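Worksheet for the structure shown next.
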Amino acid sequence: MTRPVLEQLLAVLAEPAASRSLSLADWDWLVRVARVASLEGRLHALIKDAGALSDVPPAPRRHLHVARVLADRQHAMARWEVARIHEALAPEAIPVMLLKGAAYVMAGLPSAPGRQFSDVDILVPQAQIQSAEQHLFVQGWVCEGYDTYDQTYYRQWMHELPPLTHMRRKSVLDVHHTILPPTARLHPDPELLWAAALPLDGFPGMYVPGPADMVLHSATHLFHDGELENGLRDLADMDALLRRFVAEDSDFWEHLTARAFEMDLARPLYYALRYGREFLQTPVPDSAFRALAAARPAPPLLALMDGLFRRGLKPHHWSCDGRLSGTARWLLYVRSHYLRMPLHLLVPHLLRKAAKDHRKGNRNQAEP
Amino acid sequence: MIAHEDLRAGLRDAGLAIQVGPFVVRLRSRLDRVERSVALFYDRQLLPAASTPFADFHVTLAASPGLRSVWRPQARFFLDGRSPFRPLPLAHAYPLFEWGLNWCIAQHAHDFLMIHAAVLERDGRALVMPGEPGAGKSTLTAALTLSGWRLLSDEFALLSLATGKLVALPRPVSLKNAAIDLIRERHPQAIIGPASHDTSKGTVAHLKPPDSSIERMHQQAGPAWLVFPRFAAGGRDRLQPLERAEALLKLIGSSFNYSVVGGAGFEAAADLIEQSACLNLEYADLDASLGLLNDLAGGAA
């Protein structure tokens, strides 16, 4: 290994043609780390776009290719699911906003090619969420494998239904009514999200978030909700989205930062831009950071968060782990729960969850 | 050839590189039984570490830590630091390696249509035998392998989506229960490893493929026969023609990744059917069935 593998992965994500200078030994590490970070398919897309795919040696190229085959398959399935959701909910006049992977794929955004994901996430207005659940149920989406406590937890405290699974296809659908739990510290208004949503061609009644909201949602998911397992992939999503939106709208940075305050999501956006620039060289102008100055954490907190996120955003591969990586991930997990609920709700919930996980033990691991 | 001391050092240190058909596996283990089995079965497939910078799968087999290891020692399979399965008793460490490797390939090799089938070759023409567990596929495969056919695969057919040909994945043939003694008696010269008892598949022992199958592992073979064996105790051995459409459905039903590779997989499966005689084999007596299959290929070996 000439350079640490993470540095090489970040260099290729930021400048895909840099893959030309990698040795086979470099690729050996890169493929392994990209695999656990769900980034192999994205690497395929980025390197192909840069015209450098044929320079990748055949052995690693095959792994990138195979991940792309899987991602393409996932996208075809997501398109199919979206059409079925449309069939279930459009006749009932329930508007549907696609989120994350499904939105990138359906809107043809540059974060989509090669992106690996399985679940479809949608948003429906809170007033219609029960009706949506009923009509999805009629079409075969059921809520299974959640006990009464989980059900109550989701329905009472979360911003979504418990995940629905299709009876025959086994596909998983997450139905949200807002982008953060009502108990969370930040309060983005879903009305604002709907007001800025863009209609999806060919699917009347279906929408994707407006450009700024799409970035804000991804930032919120990563930096407020604490879904860090695929943190680097999500950072790469935002990098691709930002580059596209800035190219289409020269005032995009002003729109984005103003929208972040309007949506009460300025802090997560600050983190997203900070670590996007640091990890992937996302071209964020200083003016954007100045506009977000009011959301910037105080220096001691920022130093702490740097320490946590710089560790937590790394791929969860042992070669990227340092002495404090496990601690950092645990603290970020605790933080995400703390931000999600006030302590008097959180502590009983976590205790209950811990007891349940302990009882379950290793039972859900597969037989070889 | 790599000396045994180097094999041991490789397994314990940076990992031992093994060429398994189109894949390179880098295996690390401190377990004696893994070392012995790898030395027995894969000695001709070892790659020099210095000239093998890239591996497809980085596998570790380790004993589970903790106090329990004193009274119930267990082995764990890791793919690059992550353990996808529950541990097995330490005595099953080697079958665990083979099963774990199946899992690695099934998860990642989507440049092939992967089929649960044995593949053998004679005179450049491949016999593909998909079979339910218990159909006697492994026994037939072992017997054919030891009587002049080249082994491409025991239970994992790789049909290349690029070339439409079958790619060899020569690994020890897994023999179960009564088949172990049956093959030992018929072929006293065959190299069969130690038996693992009470696995989820009963007693399992592995047969080493002949050297010729290993030496030719990079040669692909075009499909010629697609045979679905079915064990019919006390019946009469016979080959019966099978409708192509039915054969296609059965072939697709035996695939691990048909739903992933989609259209390309359908084309590859249809091309295989197009080029193959499609037959059902009712199988009761090993000699009789071997005779039928050898006749297909133009006479006894």
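In what follows, chains are A, B, ... by sequence order, proteins preceding strands, each numbered from 1. None of the values given here were measured: they were computed from a predicted structure.
- At a threshold of 4.5 Å between non-hydrogen side-chain atoms, the residues Arg73(A) and Asn257(B) do not count as touching.
- Minimum heavy-atom separation, Pro53(B) to Leu24(A): CG-CB, 3.6 Å.
- Within a 6.0 Å radius of CH2 in Trp318(A), more than 12 heavy atoms belonging to other residues, nucleotides or ligands are found.
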Practice task
Could you give me the CA-CA distance, side-chain angles and deciding distance for Arg35(A) and Leu79(B), then say whether side-chain contact (heavy atoms from CB on, under 4.5 Å) is met?
Solution key: CA-CA 11 Å; Arg35(A) 186 183 286 162; Leu79(B) 173 62; 4.2 Å; yes
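- Of residues 60-71 of chain A, those residues lying under 4.5 Å from chain B by any heavy-atom pair are Pro60(A), Arg62(A), His63(A), His65(A), Val66(A), Val69(A), Leu70(A).
- More than 12 heavy atoms of other residues, nucleotides or ligands sit less than 6.0 Å from atom NZ of Lys176(B).
- Rounding to the nearest 0.5 Å places CG of Asp26(A) at 11.5 Å from CZ of Phe54(B).
- Counted within 6.0 Å of CG on Asp55(A), heavy atoms from surrounding residues, nucleotides or ligands total more than 12; the atom is thus considered enclosed.
- Taking 4.5 Å as the limit, every side-chain heavy atom of Arg26(B) sits out of range of all side-chain heavy atoms of Asp28(A).
- Proximity to chain A (any heavy atom under 4.5 Å) is restricted, for Phe112(B), to the side chain, taken from C-beta onward.
- The contact between Pro22(B) and chain A is made by backbone and side chain atoms together, counting heavy-atom distances below 4.5 Å.
- Residue Trp27(A) touches chain B through both its backbone and its side chain, counting heavy-atom pairs closer than 4.5 Å.
- Here CZ of Arg169(A) is found 13.5 Å from OG of Ser259(B). Values are rounded to the nearest 0.5 Å.
- Within 6.0 Å of atom NZ in Lys165(B), 12 or fewer heavy atoms from other residues, nucleotides or ligands are found, so the atom counts as exposed in its surroundings.
- Here Asp80(B) is the residue among Asp80(B), Asn102(B), Val260(B) with the most heavy-atom pairs under 4.5 Å with chain A.
- Annotation: side chain of Arg82(B) is not in contact with side chain of His317(A) (no heavy-atom distance under 4.5 Å).
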